[in-house]
Every structure is written in structure tokens, then in C-alpha cells.
J.: 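Below you will find the structure I want to go over with you.
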Amino acid sequence: MKILVGIKRAVDYNVRVRVKSDGSGVETDGVKMSVNPFDEIALEEALRIKEAGKADEVIVVSIGNNDVQQQLRTGLAMGADRAIQVETGDTLQPLTVARVFKALAEREGAGIVLLGKQAIDDDCNQVGQMTAALWGRPQATFASKVVIDGTTATVTREVDGGLETLEVDLPAVITSDLRLNEPRFVKLPDIMKAKRKPLDVVPLDELGGHAGAAPATGRHAAPAPRSRGVMVGDTAALVAELKNRGLV
Ligand code: AMP
């Protein structure tokens, strides 16, 4: 069984995001870019499934310009067998990304498409669900535990009221939640080895993809700075301060 893992290049989660001075977007020049954290978790899970002997190949996929090759190499260093860059210079909508994953899943004959539950740059949380719908296969999103048994996956999902366990027939789409696992660290020899692993570049239109119409983005603005708090000596002073501000 092959597992396709989506790897999106996003601003590192430790970076304090700054809005460009003209409000046209967020600053990415000279900013540390990384693998979207949920995708690192998805890849870790795919590697564990392979290490347990339940998959033969893990393929990392990123859609974007040549910069995404950095994140694909990180995926290869973590242990993926090969990488595919779907090349485009356009910013894509989740529906286009889902069309790409559907086309690749069919082309590769994937048993699982493992994605992050969402990308932390646009917080869409749409690609997994749309891929499953287009592909006509089951989906198990927000996974916090995945058990593969033959042609079924038992997936524990984090839902508002607690946990829900689903059994889905493979092929299927699974998206990772934060508590699914803790991704491994990449070691130096693995980074060297990753340089020799295959990385194919496929143009977006070869997979029937086109950027499509994107919604026009208005202005980006940083949140208003928070005003300083005040320290109060005791509960009476706290209540007086809250009354003073009309909060009680
Ligand atoms: P989203 O629905 O946009 O929040 O993205 C959900 C997941 O889809 C991400 O965590 C990735 O696994 C995958 N994904 C989204 N965009 C891309 C991309 N450009 N390249 C590779 N994977 C992507």
C-alpha cells in the first residue's frame, strides 16, 4: 500500500507573523518557513504505519513553486521514500489542491491520503474533506489514533463532545490532529541521505489542475495592541476595578 502525505510550506509556527506595510499580505521575505505542523504529524503517522509493515511506500507531495522542495527534502529526511512537487507559481484554493490530491491518489493507486487537519497559514480545514468527496472515498478527519488492519482503518477522532471512533474502508483520506503523535527529529545523516532520494516535478496542468478563480483578498491588518493590565492588591480592589470599567 502507498501512502500519499501532503506537505505544505508555511511560516514557521514560532515566528511572530508581521503584516506587510501596504496591508497586502503577511511578510514572508527573510522569514523562517517550515513544514505545516499538522503535516509533520501526518508524515510521522505514515512512517509509523510503514514501519509496522502495513504500507510499502510513503510519498510526500507539495504543491507550489521550487521553494517547496526544501520542505519536501525535510519530509524525505524524516523517512519518506520519494517526493512529488506539483509545480505552480499561483496561490491555490483548497478545491484546486483537493483536485490535485485526487488525481495523484488515482495515478499512484494510493491506499491512504494522509493530510494535516488544516494549514496554519490560511486555517481553511477543507482539503481533506474535499479530496475524499472528489475521490469518492471515505474520510476520517481530526485523527488522534489510527489503527490499520488489512483494508480497514480504525480512526479515533477528536470531536467537540470527546472522542469518536470510525471504521473506514481503504482507500480513504485521513487528516491528523495535534495529539496523533510526536514527530521524530531529523538527524544529520538522514538529511544527507535525503539528497539522493527521488523528487519528481509535475506541472499542475499535467494533473488537470488550474489555479481557478481566487476570492479577492481585502486588507490585512495586525490586531490592535492590547492595553497594559493593572495589578490589584486584593479581591475588593479587583471588584472595584471591574465596576470602574463597567464589567460587573
Ligand atoms: P487546508 O484545508 O488548506 O487547511 O489544508 C489541509 C491540508 O491539506 C494541509 O495540512 C496539507 O496536508 C494539505 N495541503 C494544503 N495545501 C497544500 C499544498 N499547497 N501542498 C501540499 N499539501 C497541501
Side-chain angles (χ1 to χ4, degrees), residues 3-13 25-26 28 33-47 49 58-76 78 80 82-105 107-108 110 112-135 137 139-144 146 155 157-158 172-181 183 199-207 209-212 214-215 217:
I3 306 180
L4 285 187
V5 182
I7 297 278
K8 189 172 187 186
R9 173 180 165 94
V11 172
D12 188 271
Y13 71 95
V26 298
T28 50
M33 304 295 285
S34 297
V35 174
N36 178 49
F38 291 109
D39 302 351
E40 241 185 311
I41 295 171
L43 175 55
E44 175 64 36
E45 197 62 23
L47 296 172
I49 293 170
V58 174
I59 308 161
V60 279
V61 177
S62 194
I63 306 158
N65 62 21
N66 287 348
D67 293 341
V68 304
Q69 292 190 8
Q70 272 175 21
Q71 281 62 44
L72 287 172
R73 290 282 170 211
T74 304
L76 292 170
M78 274 179 74
R82 62 186 167 98
I84 301 173
Q85 174 198 356
V86 180
E87 194 188 11
T88 173
D90 293 316
T91 305
L92 300 187
Q93 294 301 298
L95 182 56
T96 311
V97 176
R99 287 191 179 118
V100 167
F101 277 109
K102 182 235 179 201
L104 276 178
R107 183 156 140 167
E108 293 286 346
I112 305 176
V113 174
L114 234 164
L115 305 172
K117 73 167 179 181
Q118 71 192 57
I120 60 163
D121 48 6
D122 51 21
D123 277 342
C124 280
N125 176 14
Q126 294 173 17
V127 172
Q129 295 86 334
M130 287 178 172
T131 304
L134 293 170
W135 194 19
R137 296 302 311 165
Q139 58 175 289
T141 52
F142 310 125
S144 61
V146 176
V155 179
R157 309 180 60 228
E158 295 194 8
V173 176
I174 299 175
T175 72
S176 62
D177 213 326
L178 198 60
R179 280 163 285 274
L180 180 57
N181 59 50
L199 191 161
D200 295 329
V201 181
V202 179
L204 179 67
D205 54 11
E206 196 184 301
L207 294 169
H210 51 86
T217 304

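Whatever order the structure lists them in is the order used to number ligands and atoms, beginning at 1.
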J.: Which residues satisfy the salt bridge (Lys or Arg N to Asp or Glu O under 4.0 Å) test with D200, sequence neighbours excluded?
T.: none
J.: Can you work out which protein residues put a heavy atom within less than 4.0 Å of ligand 1?
T.: G6, I7, K8, N36, D39, V61, S62, I63, V97, F101, L115, G116, Q118, A119, D122, C124, N125, Q126, V127
J.: Closest approach of M78 and L47, non-hydrogen atoms and distance?
T.: O-CD1, 3.3 Å
J.: Return the CD1 to CD distance between I84 and E108, rounded to the nearest 0.5 Å.
T.: 4.5 Å
J.: Got a list of side-chain donor-acceptor pairs under 3.5 Å for residues 58-66, not counting sequence neighbours?
T.:
unit_1: S62; atom_1: OG; unit_2: I7; atom_2: O; d: 2.6
unit_1: N65; atom_1: OD1; unit_2: D67; atom_2: N; d: 3.0
unit_1: N66; atom_1: OD1; unit_2: Q85; atom_2: NE2; d: 3.1

J.: Tell me every residue that passes side chain to side chain donor-acceptor pair (under 3.5 Å) with Q126, counting only those two or more places apart in sequence or in another chain.
T.: none
J.: Please report the shortest heavy-atom distance between L4 and A110, naming the atom on each side.
T.: CG-CB, 3.9 Å
